[in-house]
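Below is one structure; the comments refer to it alone.
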Amino acid sequence: MTGDLFDDACAPTPWVQVIGDDAVILRHFAIEWVGELLEGIANIEALSPFRRQQTPGGFWMSVSMSNCGSFGWISDRKGYRYAAVDPVTGNLWPAMPALFYQVAAAAAEQAGFKGFMPDACLINRYEIGTKMSLHQDKDEQDMSQPIVSVSLGLPAVFMFGGERRQDPVQRFPLLQGDVVVWGGRSRLNFHGVMPLKADLNEPNAQVGVRYNLTFRKAC
Ligand code: MD3
Ligand code: FE
């Protein structure tokens, strides 16, 4: 099958960028599935809309979120956790589309994590000016499982730190179609996303936002 965006001959060549111990960016890995992934997000959004969530400390996150799969990541004054039911709709989260699962499993395998079976997909929506502050992901049960992230729409600058908050941070641009796999020794590293910039010359300016899919084995 030919993708929506490129003839096969014109598709950019995938390549692997090592950014840390057990952490790689698979550049352009998902490029041929971008159209179908964006359609999947639109279908999920119709069932479980994007919403901003409150932190346990009472701050509102600037990023809007939804989920698909058996579990969704939620946050409120009571804490951060995974839940099977969307608290906004009272229904289960929408099913994870087969393509989402297949892209995540294939990326994990390429990065050396064979047999990754994600049961949760958090969908982050970044509007211009929104960001994600430096944090660790530690709400999952099994830290030997990797996390796979897929970038769609506008580009962003990803911050990748170390095991301690005060460790130095490296910055990497993430473009549409890039997939990042973190596991093993990088699994608990601090990370975040710089405020999203408006760029009218950007090829994906028509999308207007950045989406990030993060696949996890939550439970
Ligand atoms: C690095 N999302 O949802 S990719 C998040 O682009 C989150 O929306 C960012 O951080 C985004 O929690 C960054 C995901 C990611 C996930 C786990 C990591 C990056 C990671 C664990 C260690 C190092
Ligand atoms: Fe994170």
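Sequential numbering from 1 along the given sequence is applied to the chain's residues. Whatever order the structure lists them in is the order used to number ligands and atoms, beginning at 1.
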Hey, is CZ on Phe172 packed in by over 12 heavy atoms from elsewhere, all under 6.0 Å?
-> yes

Any cation-pi pair here, Arg210 with Tyr126, using under 6.0 Å and within 45°?
-> yes

Please say whether more than 12 non-hydrogen atoms of neighbouring residues, nucleotides or ligands are located less than 6.0 Å from CD in Glu163.
-> no

Got more than 12 heavy atoms from elsewhere within 6.0 Å of CE, Met143?
-> yes

Contact table ligand 1 N or O to protein N or O, d under 3.5 Å:
{"unit_1": "ligand 1", "atom_1": "3 (O)", "unit_2": "Asn124", "atom_2": "ND2", "d": "3.0"}
{"unit_1": "ligand 1", "atom_1": "6 (O)", "unit_2": "Arg210", "atom_2": "NH1", "d": "2.9"}
{"unit_1": "ligand 1", "atom_1": "6 (O)", "unit_2": "Arg210", "atom_2": "NH2", "d": "3.2"}
{"unit_1": "ligand 1", "atom_1": "8 (O)", "unit_2": "Asn124", "atom_2": "ND2", "d": "3.0"}
{"unit_1": "ligand 1", "atom_1": "8 (O)", "unit_2": "Tyr126", "atom_2": "OH", "d": "2.5"}
{"unit_1": "ligand 1", "atom_1": "8 (O)", "unit_2": "Asn212", "atom_2": "OD1", "d": "3.3"}
{"unit_1": "ligand 1", "atom_1": "10 (O)", "unit_2": "His135", "atom_2": "NE2", "d": "3.2"}
{"unit_1": "ligand 1", "atom_1": "10 (O)", "unit_2": "His191", "atom_2": "NE2", "d": "2.9"}
{"unit_1": "ligand 1", "atom_1": "12 (O)", "unit_2": "His135", "atom_2": "NE2", "d": "3.2"}
{"unit_1": "ligand 1", "atom_1": "12 (O)", "unit_2": "Asp137", "atom_2": "OD1", "d": "3.3"}
{"unit_1": "ligand 1", "atom_1": "12 (O)", "unit_2": "Asp137", "atom_2": "OD2", "d": "3.2"}
{"unit_1": "ligand 1", "atom_1": "12 (O)", "unit_2": "Arg216", "atom_2": "NH2", "d": "3.0"}

Which protein N, O or S atoms lie under 2.8 Å from the Fe ion (ligand 2)?
-> His135 NE2, Asp137 OD1, His191 NE2

Taking the six-membered ring for Trp, are Trp73 and Tyr80 parallel (under 30°), tilted (30 to 60°) or perpendicular (over 60°)?
-> parallel

For the rings on Phe71 and Trp93, is their centre-to-centre separation under 6.0 Å?
-> no

Side-chain donor-acceptor contacts of residues 95-110 below 3.5 Å, not counting sequence neighbours, with atom names and distances?
{"unit_1": "Glu109", "atom_1": "OE2", "unit_2": "Lys114", "atom_2": "NZ", "d": "3.1"}

Which pairs count as side chain to side chain donor-acceptor pair (under 3.5 Å) when at least one residue sits in residues 18-30, sequence neighbours excluded?
-> Gln17-Arg27, Asp22-Arg185, Arg27-Asp178

Look at Arg216 together with Asp119 and state whether they make a salt bridge at an N to O cut-off of under 4.0 Å.
-> no

